[in-house]
Amino acid sequence: MSEKAGNLTMEKLVSLCQRRGFIFPSSDIYGGLSGCWDYGPAGIELKRNVKEAWWRSIVQERDDMLGMDTSILMNPKVWEASGHVTSFSDPLVECKNCHLRWKADDLRENKCPTCSGELTEERMFNTMFKTFVGPVEDDTATVYLRPETAQGMFVNFQNAVSTGRKRLPFGIAQQGKAFRNEITTGNFIFRSREFEIMEFEYFIKPGTQDKWFEYWINERLAWYQKLGIDKDRLQLHRKKKEDLAHYAIAGADIEYNFPWGWGELEGIANRTDYDLKQHSAASGKSMEYYDDETKEHYVPYVVEPSVGADRAILAFMCDAYDEETVKDELRVVFHFHPDLAPVKVAVLPLSRKENLAALAKDVYGALRPCFATQYDDTQAIGRRYRRQDELGTPYCVTIDFASLEDNMATIRERDSMDQIRVPVATLKTTLLAKLAGEDFSILPEGGRIQKQVKS
Ligand code: GAP
């Protein structure tokens, strides 16, 4: 009996994330810091895999994209020109009774959600963090922690054109930390104050924006599904004019059905030529592109798909989470796509006896250059399988006493719990094929089916 994501609660997920080393509250021993999170050994592998999958799909597998990594601190004139100093704000209200502050957009009723107290009038609160450059803390030294990575790419537009050898349409892509002094945080890593963004600016000829807007919506929806997200848990929400960011004339959100309901996963915006023109006017530098096919000069339009890496991780975790009862015991498992799984293969010797350990260590040594591999010789084998299920490890390789005689090992598949027995010499190629999607029942020469759980 399987109870997929439907009955997942955030409490269960947060507890699993702590238990298995995915995500911890930041500075936990001091009581944490609201809106900040630390990724543990399993979490950092998952995060690197999500970022890597995005980078491969957006940058490395395309001819029309350039990668960049720009600085977090930028000349403050950037944020004046981009409109963030005046417009990157949320409406804030304060409870006159308990003095808690709320983002007005999040409230269903015009009273304090905690004590039902009366609220103040709305005022706009700029969510950019400020700090100072150099030893003097005055207005002339004020800089901002970037709230998005986009501006680093806009101000480098001409560098990309002159060194990137690309014709329009082409994009600049970037991943990196972003900071927002959110009025309220919540739902675990969904809305935090420090997070990682993965976004790109796709520069196009004005007039072609509708076509590219729809193209990127479809590409991005397909990316989530390719990595295993259930299409019924994704939906597209086209934004109304009044809900658009200050730089956009059209926008759509890819939403995911999180345990608390639908929430924004990724935003896709038509930013027009707004940012490039603003930077051109403020810096005095041309942001025009010379189209050598049509012999025209123009400032390109931009379509921008932008997703928080942490939000994507939350969606991948919610979607992969599963509970089932096996032999009267609860089995909790993350059915991660193999590309995202923090550990691909676990090597589990049945006992710590010296001769068995020697063979298991040999196998481990041969596999670890190829995949993220874990060696685990603690506790009973059933417990070790459960631990790997909770990490989302697609395959476990068990070395038993018969392995010493027949030089074979058992591979156990996470999702079906089926087992096959294969020659140790074929382990690497067999696991490579399985991780690339080969059916588990296909056997290498000399292999056999060991156990079929559900058939
Ligand atoms: N450059 C465009 C931009 O920053 P956005 O809609 O403000 O657009 C893009 O943010 C994405 O970043 C969102 O769709 C969401 O996935 C993520 N994001 C935004 N604020 C976040 C926060 N406080 N915590 C975690 N992720 C956040």
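In each ligand, atom 1 is the first atom listed, and ligand 1 is the first ligand listed. In this text, all values refer to a predicted model and were calculated from it rather than measured experimentally.
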**OP:** Note the single closest protein heavy atom to atom 15 (C) of ligand 1, along with its residue, its atom name and the distance in Å.
**Re:** Arg311 NH1, 3.5 Å

Subject >> Nearest candidate to atom 7 (O) of ligand 1, where distance is taken over non-hydrogen atoms, out of Glu148, Arg146, Arg180 >> reply: Arg180

Original post:
With respect to Glu94, which candidate in Lys103, Arg101, Arg123 satisfies the salt bridge (charged side-chain N to carboxylate O under 4.0 Å, His left out) definition?
Top reply: Arg101

**OP:** List every atom of ligand 1 that sits less than 4.0 Å from any heavy atom of Gly308, numbering the atoms from 1 in the order shown and giving each element.
**Re:** 11 (C), 12 (O), 15 (C), 16 (O), 17 (C)

Subject >> Proximity flag Tyr247 to ligand 1, non-hydrogen atoms under 4.0 Å >> reply: yes

Original post:
For the side chain of Lys166 and the backbone of Asp63, is there at least one donor-acceptor N/O pair under 3.5 Å apart?
Top reply: yes

Original post:
Looking at atom 9 (C) of ligand 1, what's its closest protein heavy atom, distance included?
Top reply: Ser306 OG, 3.1 Å

**OP:** In plain terms, say whether Asp418 and Arg412 are close enough for a salt bridge, that is, a side-chain N and a carboxylate O under 4.0 Å apart.
**Re:** no

**OP:** Distance to 0.1 Å, residue and atom name: give those for the protein heavy atom nearest to atom 24 (N) of ligand 1.
**Re:** Ser192 N, 2.9 Å

Original post:
Nearest protein heavy-atom contact for atom 13 (C) of ligand 1: which residue, which atom, what distance?
Top reply: Glu264 OE2, 3.2 Å

**OP:** Let me know which of Lys344, Arg414, Lys434 forms a side-chain contact (heavy atoms from CB on, under 4.5 Å) with Tyr395.
**Re:** Lys434

**OP:** Go through ligand 1 atom by atom and flag the ones less than 4.0 Å from a non-hydrogen atom of Glu182.
**Re:** 20 (N), 22 (C), 23 (N)

**OP:** Please report which non-hydrogen protein atom sits nearest to atom 2 (C) of ligand 1, along with the residue it belongs to and the distance in Å to one decimal place.
**Re:** Glu304 OE1, 3.0 Å

**OP:** Could you find the nearest protein heavy atom to atom 27 (C) of ligand 1 and give me its residue, atom name and distance?
**Re:** Phe195 CE1, 3.5 Å

Original post:
Are the side chain of Asn270 and the backbone of Phe213 linked by a donor-acceptor contact shorter than 3.5 Å?
Top reply: no

**OP:** For atom 25 (C) of ligand 1, find the nearest protein heavy atom and state the residue, atom name and distance (0.1 Å precision).
**Re:** Phe190 O, 3.1 Å

Original post:
For ligand 1, which atoms sit closer than 4.0 Å to a heavy atom of Arg271?
Top reply: 1 (N), 2 (C)

Original post:
Just which atoms of ligand 1 are under 4.0 Å from any heavy atom in Glu199?
Top reply: 1 (N), 2 (C), 3 (C), 4 (O)

Subject >> Close approach of Glu194 to ligand 1, heavy atoms, under 4.0 angstrom >> reply: no

**OP:** Could you establish whether Ile197 and ligand 1 come within less than 4.0 Å of each other, counting only heavy atoms on the residue side?
**Re:** yes

Original post:
Taking the six-membered ring for Trp, are the ring centroids of Trp37 and Phe188 within less than 6.0 Å of each other?
Top reply: yes

Subject >> For Leu265, the ligand 1 atoms whose distance to one of its heavy atoms is below 4.0 Å >> reply: 14 (O), 15 (C), 16 (O)

Subject >> Residues Glu390, Arg386: salt bridge by 4.0 Å N-O rule >> reply: no

**OP:** Give a yes or no answer on whether the side chain of Thr163 reaches the backbone of Asn159 with a donor-acceptor pair at less than 3.5 Å.
**Re:** yes

Original post:
Between Phe190 and Trp260, does the ring centroid distance fall short of 6.0 Å?
Top reply: yes

**OP:** Considering the heavy atoms of Gly267, write down every atom of ligand 1 situated less than 4.0 Å from one of them.
**Re:** 14 (O)

Original post:
Are Glu199 and Gln175 close enough that a side-chain donor and a side-chain acceptor fall under 3.5 Å?
Top reply: no

Original post:
Can you check whether Tyr298's main-chain N or O pairs, donor with acceptor, with Glu288's side chain at less than 3.5 Å?
Top reply: no

